[in-house]
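Following: one structure in structure tokens, then a few remarks.
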Amino acid sequence: MALGLATVAAAGPVQASPWGVVWGDVDASGPERVADRGRVLRIDRVRITGREQVSDRQILTILEREGLVAGAEMLWPQDDRVDHVRDRLRATGYFKRVTLQVEPLPHDDERVVLVVDVAERSTVSISDIYAGGSELTPFRGGIALAERNFLGRGVLLGGAFIWGSQPKIGKSRRQQAYKVFAEAPRLRSAPLGLLASGWFVSASEPYRVAGAENDPTPSLFRSFEYDRIGGQVGVSFPLTVRLELAADYTFEIIESFLPTEPVRVTESEDVVALDLGLRDGVHRHTSVDFSLSYDARDELFLVGKGGRIVLDVQASSAATGSQYEYIKLVAAGAYSFRLPWRHWLTPSASGGQISGKAPIFEQFYSGDLSAWTPGREQGLRYSTRNPIDVFGTGIDNREYGTLFGRVDLEYAWPLFRRTRTRGVYGGDLYLSLGVFTLMGDAAERSRRRNADQRLAPIGAAADLGIRLDTALGTFNVSVGNVLRRTPL
């Protein structure tokens, strides 16, 4: 006989049992509480069923954190730690259904077996799908895949590639990139994580030689080619339960082929010398990166609110072995909370600044900030279209910058949840409203000021769509996704 304590599936009415009542969730986000705390039982042992890829150790670690181990006491029919275990297991992303039950031992009603029954999700996920076209590149395509729990050890293995067709600029080559990566969030004997990655990028970067700054016509551009081959190694370790410090070292060799004395002819027929943001020939780019992150997203399931804050500092200089000198600072944070009617509200903010001369692929790009404009994919730029200037501030004149800021507010409405399915587990309708700005370095700001242009133009970053939770990952079907992939 198994008596259910908690389950992620919607439960029916209260059921009779020899020891009182069996309570389930009213829905997947709000467990009921039992007023009568009931009797005290002792856990004789723990049994895990339904597991295929996730290891026993990963599940038992969460049980140990809540004190539900062999020899411990628990309350029947409701123990708050049961809800905590269930929600922490769900938060791993490994399971589509979790049920905790107790089975009494023969001849001893005070001792029970705690049964953890799980139904696993696939741990292979699609991180991203690259597909679309632009006036510059008629087609681009690729995919990013990851195995999130290799051999049941919590090790992340993955890879990505992207390939684009011939750009509509003379003497340009097809752009492509390939990447592999691995990450072990925790080593068995120490609270230490390791990561490693490697990549190859073959780029054909467009740069404007004529026309207005907001005109995306490919014939107004030329391109220069460069290759990047390198990798990254890093370590991470927790300072507290939710606060983590990470340190990475990036190293790569760049071979670039720059034009001789590149210039641009402005609308007023002035000839302006261009800085293309790269050194010529074969050279090194290395950097050290320190990040501090506070992650309380597991509280989303437990108390209906939680968030994450990240501060990242990247430094490149001769001291790291680099031929570039700059410091790049980026900070971002988001906080989600559940409204009384079970919808979710998430405000978020991010910003960054670069001091020094960073290579062009490390600079902030306007397409990455806009919800409606193609951004860089695997570090490659496949479009010459700038953000849509909704507010008439001149944001469509900006490509790269050294200072950015963005704020967003997202409202999510859960549409459905399914636990007994192999395809789509759930779906949310979401609406996000946001604004961003992008500024250049001191020289560009001086030029904009002399031309009586805004130094910090404001752009829009709104979006509307459906977020689908599937066996292969989370996918957004939205207005912004369509606009970013359409050759407008």
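What's counted below: heavy atoms across the whole structure, side chains too, no hydrogens, waters or symmetry copies. Bear in mind that the values here come from a model prediction, so they are computed numbers and not experimental data.
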Go through E362 and K328 one step at a time and tell me if the salt bridge (Lys or Arg N to Asp or Glu O under 4.0 Å) criterion holds. CA-CA 9 Å; E362 289 288 354; K328 182 178 181 180; 3.1 Å; yes
Working to the nearest 0.5 Å, report the span between [atom1] of [X] and [atom2] of [Y].
| X | Y | atom1 | atom2 | value |
| --- | --- | --- | --- | --- |
| N476 | Y430 | CG | OH | 4.0 Å |
| S125 | L145 | OG | CG | 7.5 Å |
| I360 | E399 | CD1 | CD | 8.0 Å |
| R81 | R65 | CZ | CZ | 15.0 Å |

Assess whether salt bridge (Lys or Arg N to Asp or Glu O under 4.0 Å) is satisfied between R57 and E64, documenting all intermediate values. CA-CA 10 Å; R57 177 183 56 84; E64 291 171 0; over 6 Å; no
Tell me yes or no: between the side chains of [X] and [Y], is some donor less than 3.5 Å from an acceptor?
| X | Y | value |
| --- | --- | --- |
| D289 | Q232 | no |
| Y130 | Q378 | yes |
| D117 | T99 | no |
| W199 | E252 | yes |
| S134 | S383 | no |
| Q176 | Y178 | yes |
| T137 | S165 | no |
| Q166 | S172 | no |
| T217 | D215 | yes |

Which heavy atom of [X] sits nearest to which heavy atom of [Y], and what is that distance?
| X | Y | result |
| --- | --- | --- |
| F181 | G159 | CE2-N, 3.6 Å |
| L75 | D79 | N-OD2, 3.0 Å |
| G375 | D368 | CA-OD1, 3.4 Å |

D227 vs R173, test: salt bridge (Lys or Arg N to Asp or Glu O under 4.0 Å). Steps then yes/no. CA-CA 12 Å; D227 295 327; R173 65 183 180 186; 2.6 Å; yes
Determine, stepwise, if the pair T123 / E147 fulfils side chain to side chain donor-acceptor pair (under 3.5 Å). CA-CA 6 Å; T123 56; E147 162 57 57; 2.7 Å; yes
Would E205 and R381 pass as an ion pair if we require N to O under 4.0 Å?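 So E205 pairs with R381 through a salt bridge.
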Are R111 and E103 close enough for a salt bridge, meaning some N to O gap below 4.0 Å? no
Checking [X] side chain against [Y] main chain: does a donor-acceptor pair fall under 3.5 Å?
| X | Y | value |
| --- | --- | --- |
| S370 | S366 | no |
| S350 | A332 | no |
| R484 | T373 | yes |

Taking the cut-offs as 6.0 angstrom to the six-membered ring centre and 45 degrees off its axis, would you call R376 and Y365 a cation-pi pair? no
According to the interplanar angle, ranging from 0 to 90°, do the rings of H343 and W341 count as parallel (below 30°), tilted (30 to 60°) or perpendicular (above 60°)?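 The rings of H343 and W341 stand perpendicular, inter-plane angle above 60°.
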If we only count heavy atoms from C-beta on, is the [X] to [Y] side-chain gap below 4.5 Å?
| X | Y | answer |
| --- | --- | --- |
| D463 | N481 | no |
| L63 | L60 | yes |
| V102 | M74 | yes |

Around atom CZ of F150, are there more than 12 heavy atoms of other residues, nucleotides or ligands at under 6.0 Å?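 Open.
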Would you say W163 has more than 12 foreign heavy atoms packed within less than 6.0 Å of its CH2? yes
For a side chain to side chain contact (heavy atoms under 4.5 Å, CB included) with L68, tell me which candidate from I43, I62, V46 qualifies.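 It is I43, the one option of I43, I62, V46 that forms the side chain to side chain contact (heavy atoms under 4.5 Å, CB included) with L68.
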